[in-house]
> 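Dumping the structure here so I can ask a few things about it.
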Amino acid sequence: MKRGKVERKSLLAIYNRLLRSYGPREWWPAKTRFEVIVGAILTQNVSWHNAKIAINNLKRKELLLPKSMLKAPYRQIANCIKSSRFYNQKAKKLKTFCRYLALKYDGSLDKMFFKDMNLLRNELLDLKGIGKETADCILLYAGKKPSFVVDAYTKRFLARYGLGKEGASYDEIRRLFMENLPKNVYLYNEYHALIVHHCHFVCKSKPQCAICSVNQNCLGFTFSGSII
DNA sequence: GGCCAGGACACCA
DNA sequence: TGGTGTCATGGC
């Protein structure tokens, strides 16, 4: 398969089909940018359901603000987020981010997100506890910057379609999307959200879901071979 | 009771 | 550079 136009057409066609099938998802499920960031950290390797319980606990304790979280005892945060698994590590990660925000940007998310996307991404990746997926979630969903998010669902989706090279790295998959789609925040936002919706709510409830089959699929596509 | 769920990191060969 | 162990809850 030729690279370039074919890839772009395929990726856009899949997106349009997903959008037509499910409608806009309008992510991220949070009310503030800080809540998005906290959610991105808490959902690491855990279901959104468990992360949401932790977020609600933080909200009840009025800790869902950078300043109050920074001041709060580490143990209090850990207790609030127990449902999110690995809560001791995640409490440290939240504290680390709040400290970074306070020291580097006077606690202002406006100042932080004013920074160039790639520079900010590197800064976030330097923080202990923030990896590539979490950094991209923060950039896209909280900062409204065009950084495509690759998560377990994205990898599963590509694998089920037979689109992804087996064992493709995070960077390879991210590059695939970013080099073959218009750099558009809304598009990246919806694309990732639609993939999650499809994998989590549709395929999960219907194990026989046709999209998981290479030969026939419920979105009306039949692909063969990797496009990476 | 076992398995899985929207990672990240340290350590080792 | 890639593989593996660690972290350690809640729902089904």
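Reminder, nothing fancy here: chain letters follow the sequence lines and each chain counts from 1.
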> Starting at CD of A:Glu133 and ending at C1' of B:dC9, how long is that distance when rounded to a whole Å?
15 Å
> For DNA chain B, whose closest nucleotide is more 5', that of A:His192 or that of A:Gly129?
A:His192
> Check every strand shown and say whether A:Ile41 touches a base, only sugar-phosphate, or nothing at a heavy-atom separation below 4.0 Å.
nothing
> Mind checking what makes side chain to side chain contact (heavy atoms under 4.5 Å, CB included) contact with A:Asp110, not counting sequence neighbours?
A:Arg33, A:Ser108
> To the nearest Å, give me how far apart CG (A:Asp126) and C1' (B:dA8) are.
14 Å
> Quick check: do A:Ile37 and A:Tyr141 have side-chain heavy atoms less than 4.5 Å from each other?
no
> Just how far is it from atom OG1 of A:Thr43 to atom NZ of A:Lys52, taken to the nearest 0.5 Å?
11.0 Å
> Atom CG of A:Leu194 and atom CD1 of A:Ile14: how far apart are they, to the nearest 0.5 Å?
12.0 Å
> For A:Leu127, report the nucleic acid contact type (base, sugar-phosphate, nothing); a contact means any heavy atom under 4.0 Å.
sugar-phosphate
> Which residues in residues 43-63 of chain A have at least one heavy atom lying under 4.0 Å from any atom of DNA chain C?
A:His49, A:Asn50
> Do any of residues 84-99 of chain A sit with a heavy atom less than 4.0 Å from DNA chain C, and if so which?
A:Arg85, A:Phe86, A:Tyr87, A:Asn88, A:Gln89
> May I ask whether A:Tyr74 and A:Met69 are part of the same hydrophobic cluster, defined by side-chain heavy atoms of I, L, V, M, F, W, Y residues being less than 4.5 angstrom apart, directly or through others?
no
> Between B:dA8 and C:dG10, how far apart are the P atoms? Round to whole Å, please.
22 Å
> Suppose we screen for side-chain hydrogen bond (donor to acceptor under 3.5 Å, both in side chains). Which residues come up paired with A:Tyr188, at least two apart in sequence or across chains?
none
> Using ring-ring contact (aromatic ring centres under 6.0 Å, His included) as the criterion, list what pairs up with A:Tyr105, not counting sequence neighbours.
A:Tyr100
> List the atom pairs, with distances to 0.1 Å, where a side-chain N or O of residues 58-65 of chain A and a protein N or O form a donor-acceptor pair under 3.5 Å, not counting sequence neighbours.
{"unit_1": "A:Arg60", "atom_1": "NH2", "unit_2": "A:Asn57", "atom_2": "OD1", "d": "2.6"}

> Provide, to the nearest angstrom, the distance between the CD atom belonging to A:Glu172 and the C1' atom belonging to C:dT1.
14 Å
